[in-house]
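Notes follow once the structure below has been shown.
Note that the structure is a prediction, hence the values are computed from the model and not measured.
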Amino acid sequence: MFSQSFSWVSAGVLCCAITNGQQQLTAHKMLGPVKDAGIFHVGTGTWTRGSGAKANLGPDVIFRSDVSSGYFATGWEGSEGIDEGILPGTGNPNQTGNAGPQDGYGIDGIQFGYCSVSAAPVNWDFTMYDSYVPCDLPSVPSSCVNLAGALPTVALPAGGFCWVGTLDLSLGGYEICMEADGGNCALGYDGGGLGLDGFGWGATWNTTDGGTTGPILAGHDLTWTPEGEGTVYQPAFSNSCANPASSGLGTEDLFAIDVGGALPPGCYWFGSYLNNNGCGAPPNNPGTQFYMLFFTDASVTCWGSCLTSCCGVVFCDADVNNQGDVTLSACDCSAGSIMLTLTTTFTNQFTYPLIGLGTVAVSPTGVSELCLAGSTIGRYGGDAGSTGAGSYSVDLLNANSAPGGGVPTIGGTLCNGNTWRFQFWHRDGMNPSRFSKGAEGTIN
């Protein structure tokens, strides 16, 4: 009833679809020198400004896309624009044996570049996908997409300038756990140009006056600037003009625009990258990559840092019809038990847990939302029970706990570092079928 399946498009078909379907946009010359907006601490809603601004960010850069083209892009206000890259894991040949690497990174800071002539601050929303095939649309994915996390709306300065702003995610539980090399949709390094090792990050902006706004085009100058440098795994800059900037690892000359704004959703570029003007010179035509840095501590595995801060995170609570709170007692399998508990006002009602990796919300019963669609969903039919006086618990590590539906069991790979998501199906005395809120945890 609730089964969904991963869907992968073959590499050949994906390549041809992207090549034939790219739509060209016009880039704008940057408005002037880039100004430093400072550091916005998302957890406290405060700024630290000035050249000496500091934040408790991880000491390492795990993704760097900042070699400027001299241009910025605009035209899709209100839509999510999704760029791509690669976070290299332990099996990725781009690793050179430096500090790290890991198969998962806790992203505790990002640095983003943009330009805007808006008279008022611009509202930005950012999303992170650790499984993402370039130019796919998260709203209607043709391949498996995994949303690792999203940030609350952030107001960033405008006023006719270009800016670089740093967002500190280290406080308040905003750190985002990103699995390497394509995340849980394509575990480990796949290589071979299959397009399965990528991540995606999305940015959506909204202005109050429609002022021309958009991300700085940076990070795709492959003729003169190698990809992946200035990072924890390739710290040196080898470009011949001694420019301390890098093309992004896994950069593609394209990006996706999803639904919501004036442009139709699809795959876009700026007419094909070309730079025969020399090292450090503006390109003849800019590449399609946006300015972005990810900060982390590459000496700590992502799910190691998430055992407490990323265990039991609530989701699927936007629909008031999702009744019942879900909690996880632990996310570390060495604890010996992981109690999944439903607490509800509905007493003596039949219930059982659901598990999955998906992030898509659907309403199969018309009463409330199931927020696990987009991947296989497992049903713990063997662990069904009653809410009794208003709660029901099941130990996910008990010998009989097996969800079926193709989802890994405790005898298989539940304790594998994936971010598993849980909801309960239950009756409520009136409706024969209702879903609870959800809880997710990175279980290892």
- Message: Quiz question: by atom type and distance under 3.5 Å, do the side chains of Q289 and T251 form a donor-acceptor pair?
- Response: yes
- Measure from the side-chain N and O atoms of T213 to the backbone N and O of G211, and report whether any donor-acceptor pair falls under 3.5 Å. yes
- Item | Check: T44/T46 side-chain N/O donor and acceptor closer than 3.5 Å | yes
- Step by step, work out the side-chain contact (heavy atoms from CB on, under 4.5 Å) result for Y291 and V164. CA-CA 9 Å; Y291 186 112; V164 167; 3.9 Å; yes
- Residue pair I110 / M128, side-chain heavy-atom distance below 4.5 Å: yes
- Query: Taking side chain as C-beta onward, heavy atoms only, is D60 less than 4.5 Å from I62?
  - Reply: no
- Query: Side chains of N206 and N123: do they bring a donor and an acceptor to under 3.5 Å?
  - Reply: no
- Item | D317 and K437 ion-paired at < 4.0 Å | no
- Would you find a donor on one side and an acceptor on the other, under 3.5 Å apart, between the side chain of S131 and the backbone of G182? yes
- Item | Nearest heavy atoms of P265 and L137, plus distance in Å | CB-CD1, 3.9 Å
- Message: Between S79 and D258, is the side-chain hydrogen bond (donor to acceptor under 3.5 Å, both in side chains) condition met? List the steps.
- Response: CA-CA 6 Å; S79 296; D258 215 332; over 6 Å; no
- Which pair of non-hydrogen atoms, one from Y105 and one from A298, has the smallest distance, and what is that distance? CE2-CB, 4.4 Å
- Would a 4.5 Å heavy-atom cut-off, applied to side chains only, mark D181 and I86 as touching? yes
- Would you check if the side chain of W224 reaches a backbone N or O of N275 as a donor-acceptor pair within less than 3.5 Å? yes
- Any luck finding a side-chain donor-acceptor pair between S238 and E229 under 3.5 Å? yes
- Query: Are a donor atom and an acceptor atom from the side chains of T223 and Y273 found within less than 3.5 Å of each other?
  - Reply: yes
- Query: Do D130 side-chain atoms and E179 backbone N/O form a donor-acceptor pair below 3.5 Å?
  - Reply: yes
- So which heavy atom on E227 is nearest to which on G250, and how close? OE1-N, 2.8 Å
- Item | Nearest heavy-atom neighbours spanning A158 and A120 | CB-O, 3.5 Å
- Under 3.5 Å, is there a donor-acceptor pair linking the side chains of S436 and Q423? no
- Query: Below 6.0 angstrom between ring centroids: does that apply to W124 and Y114?
  - Reply: yes
- Query: Between D197 and G191, is there a donor-acceptor pair closer than 3.5 Å when you use the side chain of the first and the backbone of the second?
  - Reply: yes
- Query: Between F199, W201, Y132, which is the residue that forms a side-chain contact (heavy atoms from CB on, under 4.5 Å) with E84?
  - Reply: Y132
- Message: Is it true that H41 and T48 share a donor-acceptor pair across their side chains at a distance under 3.5 Å?
- Response: yes
- Query: Is a side-chain N or O of W420 found less than 3.5 angstrom from the main chain of L414, in a donor-acceptor match?
  - Reply: yes
- Item | Which atom of A245 lies closest to which atom of N239, heavy atoms considered | O-ND2, 3.8 Å
- Just by modelled atom types, is the P282 backbone N or O under 3.5 Å from a matching donor or acceptor in the N277 side chain? yes
- Task: Would you please say whether a donor-acceptor pair under 3.5 Å links the side chains of E77 and T207?
- Result: yes
- Query: Between the side chain of D136 and the main-chain N/O of S143, is any donor-acceptor distance below 3.5 Å?
  - Reply: yes
- Are any non-hydrogen side-chain atoms of F294 and M178 less than 4.5 angstrom apart? yes
- Task: Answer whether the closest heavy-atom distance between the side chains of L151 and L167 falls below 4.5 Å.
- Result: yes
- Task: For the residue pair W163 and F161, categorise the inter-ring angle as parallel (less than 30°), tilted (30 to 60°) or perpendicular (more than 60°).
- Result: perpendicular
- Query: Do T127 and E80 have side-chain heavy atoms sitting under 4.5 Å apart?
  - Reply: yes
- Query: Within a strict 4.5 Å, meaning less than it, do heavy atoms of the F270 and Y71 side chains meet?
  - Reply: no
- Message: Distance alone, cut at 3.5 Å: any donor-acceptor contact between the side chains of S118 and D209?
- Response: yes
- Answer yes if the side chains of S433 and W425 hold a donor-acceptor pair under 3.5 Å, and no otherwise. yes
- Message: Does the Lys NZ or Arg CZ of R421 fall within the cation-pi geometry relative to F315 - under 6.0 Å from the ring centre and within 45° of the axis?
- Response: yes
- Heavy-atom closest pair (C115 atom, L31 atom, distance to 0.1 Å) is CB-CD1, 4.0 Å
- Task: Starting from the C-alpha separation in whole Å, work towards a yes-or-no answer on side-chain hydrogen bond (donor to acceptor under 3.5 Å, both in side chains) for T288 and D253.
- Result: CA-CA 5 Å; T288 309; D253 196 5; 2.9 Å; yes
- S247 and D221 side chains, donor-acceptor separation under 3.5 Å: no
- Message: Pairing donors with acceptors under 3.5 angstrom, does anything connect the side chains of N284 and N276?
- Response: yes
- Item | Min side-chain heavy-atom separation C371-T359 under 4.5 Å | no
- Query: Under 30°, 30 to 60°, or over 60°: which ring-plane class applies to F255 and F290, parallel, tilted or perpendicular?
  - Reply: perpendicular
- Message: Checking the side chain of R434 only, and the main-chain atoms of N322 only, is there a donor and an acceptor separated by less than 3.5 Å?
- Response: no
- Query: Counting N and O atoms only, with roles assigned by atom type, does the side chain of N285 sit under 3.5 Å from a partner on the main chain of S272, one being a donor and the other an acceptor?
  - Reply: yes
- Task: Verify the distance criterion only: is there a donor paired with an acceptor across the side chains of D103 and T90 at less than 3.5 Å?
- Result: yes
